[in-house]
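Before any comments, here is the structure.
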Amino acid sequence: MAKLPRSEKLARLVRVQRQLENMAQADLASTTRARAEIQRSLDVTVEALGSLSPVHQIFTSIYATQIGRLTSRDQHLATVQEIHEGRMRKERAKGDRLDEHRKEALTDERREADDNAIYDLIEQKTLLDRFNLP
């Protein structure tokens, strides 16, 4: 197997890092959807608790308990959401750093190739001069 240039190795790492970033974004989106669903349930429960309907008034203690559970769950998900946001920022920063290193490696490889081409031309010219060839 041929040895891969550093820029290609880094490009593979960048792709992997971007996939990790996408996974973190998916986790964050899932948590955000769960929080939105809890908020909708909380709104419905608060509305039922405030209702003047005799049916709803019978269940006020159940609604109050439900509101407490939903609020607790929302607070937990808010913490999880902050963790996912931090993870996503961290993965993005890693990917950006790797991409910068990849660009630098690519520039170095191009510069080395240009230098080698110039050295080859100088060597060819030297050989031509040594043997007095046109």
Side-chain angles (χ1 to χ4, degrees):
M1 184 171 142
K3 183 178 177 186
L4 291 175
R6 184 169 185 262
S7 63
E8 288 184 31
K9 291 177 186 177
L10 287 168
R12 289 175 65 189
L13 286 175
V14 168
R15 286 192 299 273
V16 169
Q17 194 61 45
R18 295 302 179 199
Q19 186 62 33
L20 290 173
E21 180 184 341
N22 289 339
M23 290 168 58
Q25 284 178 337
D27 290 344
L28 177 61
S30 174
T31 303
T32 303
R33 280 191 300 273
R35 283 193 72 199
E37 183 61 36
I38 286 175
Q39 190 59 46
R40 282 191 291 275
S41 296
L42 196 57
D43 291 344
V44 169
T45 306
V46 167
E47 186 178 313
L49 183 62
S51 174
L52 297 177
S53 170
V55 173
H56 290 298
Q57 290 179 356
I58 294 171
F59 299 110
T60 56
S61 64
I62 294 172
Y63 291 151
T65 304
Q66 180 73 10
I67 288 172
R69 280 191 301 234
L70 288 171
T71 302
S72 174
R73 179 79 176 134
D74 186 54
Q75 289 172 350
H76 171 72
L77 286 177
T79 303
V80 170
Q81 185 175 7
E82 288 176 15
I83 291 169
H84 287 314
E85 287 170 350
R87 188 173 129 225
M88 189 182 70
R89 282 191 301 269
K90 185 176 88 175
E91 299 297 345
R92 181 174 292 143
K94 282 182 185 177
D96 292 345
R97 276 195 310 268
L98 282 171
D99 197 39
E100 286 299 316
H101 291 306
R102 179 195 62 82
K103 289 175 184 175
E104 290 171 8
L106 189 59
T107 301
D108 291 344
E109 289 166 7
R110 287 180 181 158
R111 186 177 302 123
E112 183 180 358
D114 291 344
D115 289 350
N116 288 339
I118 290 171
Y119 291 144
D120 286 343
L121 287 174
I122 292 171
E123 187 177 322
Q124 289 174 6
K125 176 67 174 154
T126 304
L127 286 174
L128 289 176
D129 290 343
R130 178 181 294 171
F131 296 112
N132 293 326
L133 297 175

Ion pair Arg110/Asp114, N-O distance below 4.0 Å | no

Which pairs pass side-chain hydrogen bond (donor to acceptor under 3.5 Å, both in side chains) with one or both residues in residues 93-103, sequence neighbours excluded?
-> Arg18-Asp96, Asp99-Arg102

Flag for Glu109-Ser7: side-chain donor and acceptor within less than 3.5 Å = yes

Looking at side-chain heavy atoms only, is the closest gap between Gln19 and Met23 below 4.5 Å?
-> yes

Sole residue of Glu91, Met88, Arg87 in side chain to side chain contact (heavy atoms under 4.5 Å, CB included) with Gln25 = Met88

Measuring from Leu42:CG to Ile67:CD1, what's the distance to the nearest 0.5 Å?
-> 6.0 Å

Here the side-chain hydrogen bond (donor to acceptor under 3.5 Å, both in side chains) pairs for residues 43-54, sequence neighbours left out, are Gln39-Asp43

Less than 4.5 Å apart, any side-chain heavy atom of Glu85 and any of Arg89?
-> yes

Check: Ser30 side chain, Ala26 main-chain N or O, donor-acceptor pair, under 3.5 Å | no

Here the ring pair (Phe, Tyr, Trp, His ring centres under 6.0 Å) pairs for residues 63-84, sequence neighbours left out, are His56-Tyr63

Quick one: are Lys9 and Arg12 in side-chain contact, heavy atoms under 4.5 Å?
-> no

In one Ile/Leu/Val/Met/Phe/Trp/Tyr side-chain cluster, 4.5 Å: Leu49, Phe59 = yes

Worked check of salt bridge (charged side-chain N to carboxylate O under 4.0 Å, His left out) between Lys125 and Asp129 = CA-CA 6 Å; Lys125 176 67 174 154; Asp129 290 343; 3.2 Å; yes

